[in-house]
Protein chains: 2
Amino acid sequence: MLVDTGACERNAHVCHHRRSDNGCGDCKVRPISVCSVLSLVELEQLEGLSQHLTLDKGQTLFGQDEPASAVFNVIEGCLRLTRLLPDGRRQVMGFALPGDFLGLALQERHSVSAEALGQVKTCRFGREDFAAITEAKPHLLKSLHARVRYELTLAQDQMLLLGRRTAEEKVASFLLSLRDRFARIGHNSVTVELPMGRQDMADYLGLTIETVSRMLSRLDRAHSILLVPGGVRLLDAARLERLAAS
Amino acid sequence: MLVDTGACERNAHVCHHRRSDNGCGDCKVRPISVCSVLSLVELEQLEGLSQHLTLDKGQTLFGQDEPASAVFNVIEGCLRLTRLLPDGRRQVMGFALPGDFLGLALQERHSVSAEALGQVKTCRFGREDFAAITEAKPHLLKSLHARVRYELTLAQDQMLLLGRRTAEEKVASFLLSLRDRFARIGHNSVTVELPMGRQDMADYLGLTIETVSRMLSRLDRAHSILLVPGGVRLLDAARLERLAAS
DNA sequence: CGACTTGTTGACGCCTTTCAACGTTGGTGG
DNA sequence: CCACCAACGTTGAAAGGCGTCAACAAGTCG
């Protein structure tokens, strides 16, 4: 379980992008990322400082307690953000989707580790570079600030869920929030993709894998959802909302 | 449980402080508050925009979902930050101590309600005024940004605690973290004051009041702690650390 | 003192975990 | 093509930790 500094990027595919066809101007996630507040001129300045970085399923972008040498925009794919207890118990702090920014906390060391749940494409900025950019561009700092504040309210939602909700409420609430997140990045459907495994869901919701499986089965039997390979079809979202009791 | 806008300040003692003996220059919590990054000149500008506001035990500073019309520095006392589920279940998101800043999330509406656990003194800034100040002073924005980022890692700690720790670990961990927080604001002692009731601790840790009471009794019988009126004396902090398993 | 709030303790019950077995899927190689 | 295997998911039975219910103690305020 040891994670070296930079280990993450050893097997990853790095690409210093020049003013080519995958520059910032063509970035798929620009409108939903922190970069949305930057002008075209500013984006050109950014291009030289960023690298594209691709991870395969299971690879680690950065590890817990590892020096935070960079921050990332997620362009494509899904990552799992986890924190470990010394005895091996694991808490998934969240899942990062396209448009999300990794490294908001920007401490000396990463407080979580980030692992790819499938193929992932990211845009990497060195820590020093990024600090200099935010220093020079107050509106970017404000955008980042707004994002952390939003993350904080999400964390509070999760604290309420972990502390005061039953297993069934947790699972129902999780499916709905995932649907909403996918909707916000353009992937709008009654069928919600589940890029993470049952164990990841369990560690996110403070449950065991068996309980998650049982609750999904129960919702399926009640025709609230339909379990499909790789995801879930929400048949009765209204009932889920009632269960989630938000 | 209805909370009117401004209801908070109806019964509170408001004091527009002028360049008197309790101006920003003499502020007890300045070195540990967000204001620590401001120069004396800037503090003078601030004084006209701030009000002192005193609450008695049980009074509400602001309520959940109430429009966020102001932000606050806590000068003295302790507040409870809570979020409510429609059915009445409650999660305490945190406790605010002197030097803490309330309203960091700075959304349209407050995501939590803040209630005084004893007599509380705060320094109030109108939302518009405060937005203008941060707009004009980038270093204040950076200081606020650093604070939210820190809050976010604290929230992650709490998520790990809520999701993956046993009742005993939760209580032990809570006592230690409270000791550390008091230490950081100058109140350094083996006897940890508990300004909140058992129910508040329970709602913070995702437990019931009975379980909190039982765990405290168990730690007391094991001579790890000594229950004293209004607080706890930590007799064997090392054992607590081991229990907390951080 | 008496009513009320807050905290403690015990007995019991239930929801979730634990332990275990089985089914399913996907990749590999005979 | 299919046997084989490992990883993942599902389901059942039993156990246990924490919640629920209830009684009691302690402190507070009129």
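Atoms considered below: every heavy atom in the structure, side chains included; atoms not considered: hydrogens, waters and symmetry mates. All values derive from a computational prediction rather than experimental measurement. All chains are named by letter (A, B, ...) in the order of the sequence lines, taking the proteins before the strands, and each is independently numbered beginning at 1.
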Trainee: Between atom CG in B:Leu194 and atom P in C:dT6, what is the gap in whole Å?
Mentor: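 These atoms are roughly 16 Å apart.
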Trainee: Which pairs with one or both residues in residues 223-241 of chain A pass salt bridge (charged side-chain N to carboxylate O under 4.0 Å, His left out), sequence neighbours excluded?
Mentor: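 Residue pairs passing salt bridge (charged side-chain N to carboxylate O under 4.0 Å, His left out), neighbours aside: A:Arg179-A:Glu241, A:Asp236-A:Arg239.
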Trainee: So if I take residues 204-222 of chain A and measure heavy-atom distances to DNA chain C, which residues fall below 4.0 Å?
Mentor: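 When residues 204-222 of chain A is checked for heavy atoms under 4.0 Å from DNA chain C, the hits, listed by number, are A:Gly206, A:Leu207, A:Thr208, A:Glu210, A:Thr211, A:Arg214.
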Trainee: For A:Ser33, which residues count as a side chain to side chain donor-acceptor pair (under 3.5 Å) partner, sequence neighbours excluded?
Mentor: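 By the side chain to side chain donor-acceptor pair (under 3.5 Å) rule, A:Ser33 matches no residue at all.
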Trainee: Quick one: side chain to side chain contact (heavy atoms under 4.5 Å, CB included) partners of B:Gln199, sequence neighbours excluded?
Mentor: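 By the side chain to side chain contact (heavy atoms under 4.5 Å, CB included) rule, B:Gln199 matches B:Arg90, B:Ala202, B:Asp203, B:Ile209.
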Trainee: Would you mind reading off the bend of the helix from C:dC1-D:dG30 to C:dG30-D:dC1 from its two end axes, five pairs each, to 10 degrees?
Mentor: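 The helix from C:dC1-D:dG30 to C:dG30-D:dC1 shows an end-to-end axis angle of 30°.
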Trainee: Just distance, no hydrogens or angles: give the donor-acceptor pairs under 3.5 Å from side chains in residues 183-190 of chain A, sequence neighbours left out.
Mentor:
from     : atom 1 : to       : atom 2 : distance (Å)
A:Arg184 : NH1    : A:Tyr150 : OH     : 3.3
A:Ser189 : OG     : A:Thr191 : N      : 2.8
A:Ser189 : OG     : A:Thr191 : O      : 3.2

Trainee: From CE of A:Met201 over to P of D:dT10, roughly how many Å is that when rounded to an integer?
Mentor: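 So the CE-P distance, A:Met201 to D:dT10, works out to 9 Å.
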Trainee: How long is the line joining CD of B:Gln199 and P of D:dT20, in whole Å?
Mentor: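 It is 11 Å, rounded to the nearest whole Å.
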Trainee: With ring-ring contact (aromatic ring centres under 6.0 Å, His included) as the rule and sequence neighbours excluded, what pairs involving residues 203-241 of chain B come up?
Mentor: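 Counting only pairs at least two positions apart or across chains, the ring-ring contact (aromatic ring centres under 6.0 Å, His included) contacts touching residues 203-241 of chain B are B:Phe95-B:Tyr204, B:Phe174-B:Tyr204.
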Trainee: Please identify each residue that fulfils salt bridge (charged side-chain N to carboxylate O under 4.0 Å, His left out) with B:Asp220, with sequence neighbours left out.
Mentor: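 For B:Asp220 there are no salt bridge (charged side-chain N to carboxylate O under 4.0 Å, His left out) partners, ignoring immediate neighbours.
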Trainee: What is the distance, rounded to the nearest whole Å, between atom CZ of A:Arg198 and atom P of C:dG23?
Mentor: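 In whole Å, C:dG23 P lies 19 Å from A:Arg198 CZ.
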Trainee: Not counting sequence neighbours, which residues clear salt bridge (charged side-chain N to carboxylate O under 4.0 Å, His left out) with B:Asp87? List them please.
Mentor: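 Once residues adjacent in sequence are excluded, the partners of B:Asp87 under the salt bridge (charged side-chain N to carboxylate O under 4.0 Å, His left out) criterion are B:Arg89.
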Trainee: With sequence neighbours excluded, what pairs up with B:Arg80 under the salt bridge (charged side-chain N to carboxylate O under 4.0 Å, His left out) test?
Mentor: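 Result, salt bridge (charged side-chain N to carboxylate O under 4.0 Å, His left out) vs B:Arg80: B:Glu115, B:Asp200.
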Trainee: Provide the closest heavy-atom pair for A:Pro98 versus A:Val29 in the form atom of the first, atom of the second, distance.
Mentor: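 Where A:Pro98 meets A:Val29 most closely, the heavy atoms are CB-CG1, 3.9 Å.
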Trainee: Can you name the residues that form a salt bridge (charged side-chain N to carboxylate O under 4.0 Å, His left out) with A:Glu151, not counting sequence neighbours?
Mentor: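 Result, salt bridge (charged side-chain N to carboxylate O under 4.0 Å, His left out) vs A:Glu151: none returned.
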Trainee: Taking only heavy atoms on the protein side, list every residue of residues 155-172 of chain A lying under 4.0 Å from any atom of DNA chain D, sorted numerically.
Mentor: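 Correct list: empty, so none.
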